*Asks:* 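Before I ask anything, let me first share the structure, which is written out below as structure tokens.
To find a chain, count down the sequence lines: A is the first, B the second, and so on, and within it residues start at 1. Small disclaimer: the values here were computed from a predicted structure and weren't measured.
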Amino acid sequence: MTHLLALSELSVQQIEGLLERAQAIQDHGVAPRITEPAFVANLFFEPSTRTRFSFEVAEKRLGFNVLNVEEATSSVQKGETLYDTLRLLEEIGVRAAVIRHFEAGFYKDLRDRLTLSIINAGDGDGHHPSQTLLDLLTMRQEFQQFQGLTVAMIGDLRHSRVARSNAEVLHRLGVKVILTGPKAWQDPSFPGSYVSIDEAVETADVVNLLRIQKERHREMDGFTPEAYHQAYGLTLKRAQAMKPEAIIMHPAPFNRDVEIASELVESKQSRIFKQMHNGVFMRMAIMEWACQGRPNANNQRIELTV
Amino acid sequence: MTHLLALSELSVQQIEGLLERAQAIQDHGVAPRITEPAFVANLFFEPSTRTRFSFEVAEKRLGFNVLNVEEATSSVQKGETLYDTLRLLEEIGVRAAVIRHFEAGFYKDLRDRLTLSIINAGDGDGHHPSQTLLDLLTMRQEFQQFQGLTVAMIGDLRHSRVARSNAEVLHRLGVKVILTGPKAWQDPSFPGSYVSIDEAVETADVVNLLRIQKERHREMDGFTPEAYHQAYGLTLKRAQAMKPEAIIMHPAPFNRDVEIASELVESKQSRIFKQMHNGVFMRMAIMEWACQGRPNANNQRIELTV
Amino acid sequence: MTHLLALSELSVQQIEGLLERAQAIQDHGVAPRITEPAFVANLFFEPSTRTRFSFEVAEKRLGFNVLNVEEATSSVQKGETLYDTLRLLEEIGVRAAVIRHFEAGFYKDLRDRLTLSIINAGDGDGHHPSQTLLDLLTMRQEFQQFQGLTVAMIGDLRHSRVARSNAEVLHRLGVKVILTGPKAWQDPSFPGSYVSIDEAVETADVVNLLRIQKERHREMDGFTPEAYHQAYGLTLKRAQAMKPEAIIMHPAPFNRDVEIASELVESKQSRIFKQMHNGVFMRMAIMEWACQGRPNANNQRIELTV
């Protein structure tokens, strides 16, 4: 089996291969179909619309049968361990499980004990590799190469699994990462240097806003939404200081007029909905790869190896 | 895109076209299939079995891939606006969204901002066009034409989106609408005149009972279920006074022995389950239309236009 | 229609026919497909992962379209009776309904009033026929015949619908059933004789552990998990006293280190995950049978008879 747990486990070459395959799927509009009925499962232990349905569309476009396992109605309530649930899924024929879990590193003691592939769809404040990959795909479409780019990551760095995944990989790809946000949410473990919000917006090629994780820290550490918007949000005024070719990104869901002025969400420089569009193709490439052990280079029909 | 939001926006000719297409699907037992993989989504922000699964069957019989978005497990919990959720669905490839929402007119500021089709599956105490259309289909099968019919709408008029939709359209189709129900639930905005419950039952061609919306007004304004049944329900005794060719309808779910005597639910004059049966064909015609911009006249394969 | 409600309603010959068909599906790896689009529904009024998804995989492998009806989001909340919900499903084209319900015998006043097939997926503390059949399939693979086997059922007999179903059928198949467990959970209505836990483990060909139904009796009648494990669990020490050819079974989900020592779950003698594997094939045979009225002897395409 091939798991996708954290991009830190993949080489630059492997990452490039996945991005190329996603781009090819998008460009040629043809998805290779599965050669025989095969099942995948989505297990979301935290709410999600974007990631969950993006994966479901990707899976169905590849021809997989999809099982949606929801905590509220499952045996997880009866105290079953995640390992035992996944072993069950293996036994009934599931090839890959896309899992969002509230616990960072939930996969650590599972990875070597299963034959199905685990796709990490977000683990606590850990990683979110499919989001990082679709962010990279979006940047790649815009700038063709990563080397020499400056990406500003703005906001709730400490609680954002997207920020963590992105910063690590961008650094490896030769991108200059700059960081900004409230003191309480800074995180010294990130590669990259802290700058002021205005310097970040003015110098970045990519202004990557991060969602305020209201559900993780109920109080915004003293900020009202308005105060946050003025202090660290992309206001209309700040956006005017962006470089002409620079783009706005956000993993969404976004809080309008908090991280970003509502009018900017669909502005000319925004790629926020483009990110969602790219997500399906990226996840098709990921699901192919998980079931084959390598990116699908020649657009052939998927021969399942698990 | 073609939305179906309220039948008041459709001409009589458009309505007739949809009814004819639904009848043709039912008669010829053949559904045109989608020419390529296409996705639709069902978003139900209020509980539903009938409407939700009737649409799901209709969608799958047409060959659509179906996404079921449920509030409890989605990003709506994170405060995302409905517009942003629908834009997401557009970006991942969804052609049409069937939406039930607790807010009347939820679609008003969405309709001109989206490329996907919105099918209103019930908005607060506003409209419920697919229910109205399947009601019309049921009457049409029985009486061939609408002109000259008398339809009695009985019960909770004020809170019933079905009553509101039906009364408006029936009036336009040349149907005489008569109304009856408790004073507190009468609504002067309806076309049609108020009569006594007994006159309504005795003179109507269609005795259209309305569900008591227990979840909308907890107390039944002073009525016990038994008292309501005696005052405004279709009792066994009242049913005997119906015209021989008259039929009983109810949008369901019904409260047995409240709106209707339990023994009458599957009586010879009842079309209540026939309405449910018709619902699938009606919704197949609606989904075709939403994705084509017109009823599918020649039973051809659907070429998606969105 | 053909219902599967309790195995006590099936002859030994019918049971053997279903087991043979399940084995044939497993051996020949080919599933006959439905000749035209057909719908089945899964209604789970209690949480389930194993049974629910095992049925869903079985249904989809047979080519059925699947509707998943969940209590939380359905009209059951509006007070609709189960009969009315099932009549609705009939009207929209559903051929068979797989139902888990908290009420034992929920199907009693439904069975003669419906044209769709009801598959009982567990009714309160009543029956669980598909689980019993997959247990039988697992034993049959191991021992070829039932006559002469000794099966020990250990633990929460009183609250286990699996135990009740299994004991009755095993008795009819010529199996010697022995029982053990805490006094408070014994049930005099079971066929079979009570022995000590150690005698049960030492003499059985099949050590069939039962799940402690924590959700049915909050307190374990005075036992701590550790105390239960020592008194009635399959400890490592007890397992060493098993006959060399004997196997361990458990309907799952299991409580590790309560009913069974965690190390034994995937031990050489355990067939616990094999049971889950067999479940899909068994349920494919059941769904074929429900829609045809007999086991599918010649692996032909399914002609739906309902």
*Asks:* Could you report the tightest heavy-atom contact between A:Ile92 and C:Val57, atom names first, then the distance?
*Replies:* O-CG1, 3.4 Å
*Asks:* Could you look at A:Asp84 and say if it's the side chain, the backbone, both or neither that has a heavy atom under 4.5 Å from chain C?
*Replies:* both
*Asks:* Mind listing the closest non-hydrogen atom pair of C:Lys60 and A:Val66 along with its distance?
*Replies:* NZ-O, 3.0 Å
*Asks:* Which members of residues 264-280 of chain C, sorted by number, sit under 4.5 angstrom from chain A on a heavy-atom basis?
*Replies:* C:Glu266, C:Phe273, C:Met276, C:His277, C:Val280
*Asks:* Rounded to the nearest 0.5 Å, what separation is found between the OG1 atom of A:Thr81 and the CG atom of C:Asn255?
*Replies:* 10.5 Å
*Asks:* For A:Asn68 and C:Arg52, which heavy atoms make the closest approach, and how far apart are they?
*Replies:* O-NH2, 4.2 Å
